[in-house]
Structure formats: C-alpha cells, structure tokens
2 protein chains.
Amino acid sequence: MQRSSFGEQSCSVARTLDVIGDRWTPLVLRDIAIGISRFDAIQRDLGLSRKVLTQRLETLVEHEVVVRVAYQDNPPRYDYRLTEKGNDLAMVLLAMQQFGDKWAFGGQAPITWKHLACDQVTAPVACCDQCGEQVRPGDAIPLRGPGFDEQASPVVGEALDQIAVAFS
Amino acid sequence: MQRSSFGEQSCSVARTLDVIGDRWTPLVLRDIAIGISRFDAIQRDLGLSRKVLTQRLETLVEHEVVVRVAYQDNPPRYDYRLTEKGNDLAMVLLAMQQFGDKWAFGGQAPITWKHLACDQVTAPVACCDQCGEQVRPGDAIPLRGPGFDEQASPVVGEALDQIAVAFS
DNA sequence: CAGCGTCAGTTTCTTTTGGGAACTCACTGG
DNA sequence: CCAGTGAGTTCCCAAAAGAAACTGACGCTG
C-alpha cells in the first residue's frame, strides 16, 4: 500500500495524523488514558490482532506520546503510560468522545469525566483563549499562520483568499 | 484486511472513528472546512488517489457530516459542504491542529483562526462546562456514564474501578 | 516437580486496501 | 473543432490488517 507519510506536510492536522492516523491507534491511546496499561489487557479489550497492537505501541513510543515502564524484569513486563505529549494528544480523544456522545449515543455517554477542580461531571467545551467565549467552527475563519508555506499549499492559499474576500 | 467496523462498539471514540478513522478522511474534512469544496481541488491539494477520495466522500455523505450540493447540472458538478454534524466533527480537527501546532511546529502554526466574536486570533482551549476553568487530561478522572455497558466492556469496567479506588 | 496459566510478543498465511496511472463522459471556452 | 476541466471509474500491484498458532520465561498449585 506504500502508505504515505505526512511527516513533511505543512499541516498540523497531517502531522497529528502521522501519530494517530489509523483505526486502532486512537483506541489504544484511549485505553491507556483510562488506565488499561498492559499489552494483554489492551488486546483483550479491543480485540485487535496482537501483531497490529505491537506495531501501534511501537510507533506511539517512537512518537513519545507513550512510555514503556517495566514493572518486572525476567521476563520483562511493561506498563504503557501517557507522557506529557500524550496528555496533549488525549485532548483529541476527548473531542472525539464528545462528538460520539452527542451523535452516536444521543447524550447517553458510555464514559464521563469528573473534573477534579470542581468535583463535577464535565463536558469540556472549546473556549477562545482571548475572550473566553465558546468557539465553534463557523464562529471563526481560517487565516495564514506564521508557519504557512505558500509554495507547498497553493490550493489552500487560494481558498483562504476567497474566505478573506467573503468576510471583508 | 477485512476492516473491523466499530458501529456496534459501546465507545464514543470508536463510533467517531467509524467516520474519520483513517489517514485521509480527516484531511478531506479539513479541506472542506477551510473552503476547498470540489473534488478536483481536494485531490490536487492532498495528492491522494481519486479512487480513495471518491470512497471517502461517499462515506462522509453517508454519515451526514458532508452534503453534496450541485452547482450545475449536465454534467452534474458538486460542492461538498459541512453539515451541522460536520461542524461538530470539525472540533476534533481543531484539537488535532492544536496538537500539531504545539508539537510538530513549535507554535509556528501554518493556519490560525480568527474568532469573529472578538476579532482576534484564537487558540481554543477546553474548558469545564460546569466551572469554566480549563480542563486537561490529568485534571479529570473517567467514570461510568449513563450509556456504559458492563457486559460489553469488562476490561474497561475493571480499569475504572481501579481509578475510583486510587482517587477515593 | 509436572503441568497449567499469564504475559508479551513473533510468525505464517490469506484477505483487503491503498496508490498510480490511464480511461470515460459531458460539456465549455477560444 | 480541439484542448481543457470536472468528477469519477477501472486495472494492476504492493503493502497492511486479520486470524490463529507458536515461543519463552516465569509463577502458582496440587
């Protein structure tokens, strides 16, 4: 299949997909995030093939979103745990969960989160870091950022110009 | 490869992955979200095979996150646009973008968003809908929600119990 | 102390998918 | 009237995923 790597692409979404861009990786990460930390437990929970799980855990460790922590030697056995980078990535899972809760379960969420700061069940919403108000797509328009590469993304540049014109 | 469908799974993340669980769909959705709305433009921008793009657009339309809007008949030509459900799904893309901005571009984001309400470049953060404070994984613990299925997810149930004990 | 179970992987074999590139149709603009 | 555009479709081949069995080093139990 000669899977295309997005490593060179000038797009943050593409780079993130280099880490979680397949059917299993996000679920593996979800399991680790809720405390299912061992190979066999993840495999039993998800039912994916052991081969694929091995590969996925390897790339997660390579990307430093997960660390292997030995909990015994001889034979070596490991816990998989999220790193700081992994915690940031888990925000993506949280967004996926919110979407699934709303559109696949009609609000009857299988798993909820209790916010330790206020001790209440929380449904995180995206808020503007400038004004504090909630942001939803449609409330904001895309612009070229400091890392935009005009050469690499001519089609994107064109689309951004059109939007800029429409909102001027 | 006999790809497993997650349609039956009792997990919001899995259900969301039924829609965007592969390498290309999120990028297709990103293009549509920033206004690249036609088949050829998306194909040129992403460089994916036309066959795969056709399939991805079909499943996006089936899941009702995208609509085909004819902009001419004879020959029929279409714009692809996000639905309301698609806008909700785009929140996942926004989360991916934030992760990529931070960890792959060191803050030099290729694309930024201007919040129309306050007219400033915004980096949305997740806030608790109860107390308004920012939420990050680690600031919250997972619990059984109203839609949790003990039979379907015994391994998850066990992990949740362990966490509950650890935080009691 | 023999044998079964656990854990973390490998290995082999088959089925499916994705990529590439060429082909199709129905216009449209010069 | 001839090239170009837009939206697909078709074909072949290589690479991934799935299933299921195998490995190896314990540790527990009768």
Side-chain angles (χ1 to χ4, degrees), chain A residues 1-9 14 17-28 31-32 36-62 66-81 154-155 158-159, chain B residues 1-6 8-9 14 17-18 20-28 31-32 36-62 66-81 154-155 158-159:
Chain A
M1 218 189 306
Q2 166 181 337
R3 152 177 276 155
S4 29
S5 161
F6 298 135
E8 346 66 36
Q9 276 229 342
L17 288 170
D18 260 346
V19 188
I20 52 165
D22 71 284
R23 302 181 70 68
W24 289 116
T25 305
L27 290 175
V28 172
D31 270 19
I32 296 174
I36 302 176
S37 62
R38 300 190 181 173
F39 188 94
D40 259 47
I42 298 171
Q43 196 272 322
R44 271 203 314 283
D45 183 48
L46 298 179
L48 85 173
S49 79
R50 308 174 75 77
K51 181 180 67 170
V52 174
L53 179 55
T54 304
Q55 290 167 352
R56 292 301 172 271
L57 287 171
E58 263 168 25
T59 65
L60 286 172
V61 170
E62 267 168 38
V66 160
V67 272
R68 285 168 111 210
V69 183
Y71 66 87
Q72 71 171 44
D73 312 318
N74 243 311
R77 288 296 113 104
Y78 308 99
D79 275 327
Y80 291 92
R81 306 214 167 275
V155 183
E158 215 177 293
Chain B
M1 218 189 305
Q2 176 175 328
R3 149 177 278 154
S4 30
S5 161
F6 299 135
E8 347 64 37
Q9 275 227 344
L17 288 170
D18 259 346
I20 52 164
D22 71 284
R23 299 181 73 69
W24 289 115
T25 305
L27 291 174
V28 171
D31 271 19
I32 296 174
I36 302 175
S37 61
R38 299 191 182 173
F39 187 96
D40 259 47
I42 299 171
Q43 196 273 321
R44 271 202 316 281
D45 182 50
L46 298 180
L48 84 174
S49 77
R50 309 174 74 76
K51 181 179 66 168
V52 174
L53 179 54
T54 304
Q55 290 167 351
R56 293 300 172 270
L57 287 170
E58 264 168 26
T59 66
L60 286 173
V61 170
E62 267 168 39
V66 159
V67 272
R68 285 168 110 209
V69 183
Y71 66 87
Q72 71 172 42
D73 312 316
N74 244 313
R77 288 296 113 104
Y78 309 99
D79 276 328
Y80 290 92
R81 305 213 167 276
V155 184
E158 216 177 293

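Order of the sequence lines sets the chain letters (A, B, ...), proteins ahead of strands, with each chain counted from 1.
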**OP:** Nearest whole angstrom, please: distance from the P of dG20(C) to the CG of L53(B).
**Re:** 14 Å

**OP:** Report which part of the nucleic acid Q55(A) touches: base, sugar-phosphate, or nothing (heavy-atom distance under 4.0 Å, all strands).
**Re:** sugar-phosphate

**OP:** With sequence neighbours left out, write down each residue that passes side chain to side chain contact (heavy atoms under 4.5 Å, CB included) with Q72(B), or none if nothing qualifies.
**Re:** P75(B), R77(B)

Original post:
Could you give the distance from CZ (F39(A)) to OG1 (T54(A)), rounded to the nearest 0.5 Å?
Top reply: 3.5 Å

Subject >> Sequence-distant partners of R68(B), side-chain hydrogen bond (donor to acceptor under 3.5 Å, both in side chains), two or more places apart >> reply: Y80(B)

Subject >> Atom-to-atom span, CG of D22(A) to P of dA16(D) - whole angstrom >> reply: 12 Å

Original post:
Can you check whether N74(B) has a side-chain N or O nearer than 4.0 Å to OP1 or OP2 of dC27(C)?
Top reply: yes

Original post:
Between D45(A) (CG) and dC7(C) (C1'), how many Å, whole number?
Top reply: 17 Å

Original post:
By side chain to side chain contact (heavy atoms under 4.5 Å, CB included), which residues pair with T59(B), not counting sequence neighbours?
Top reply: H63(B)

Original post:
If the sugar-phosphate is the primed atoms plus P, OP1 and OP2 and the base is the rest, what is the B/S/- string for nucleotides 2-11 of chain D, using protein heavy atoms under 4.0 Å?
Top reply: ----BBBBBB

Subject >> Whole-Å gap separating P (dC26(D)) and CG (D73(A)) >> reply: 11 Å

**OP:** Just grab all the salt bridge (Lys or Arg N to Asp or Glu O under 4.0 Å) pairs involving residues 40-54 of chain A, residues at least two apart or on different chains.
**Re:** R30(A)-D45(A), D40(A)-R50(A)

Original post:
Can you find a side chain N or O atom of W24(B) that sits less than 4.0 Å from OP1 or OP2 on dG19(C)?
Top reply: yes

Original post:
Okay, side chain of Q43(A), backbone of L48(A): is any donor-acceptor separation there less than 3.5 Å?
Top reply: yes

Original post:
Rounded to the nearest Å, what distance is computed from the CG atom of residue L48(A) to the C1' atom of nucleotide dA16(D)?
Top reply: 13 Å

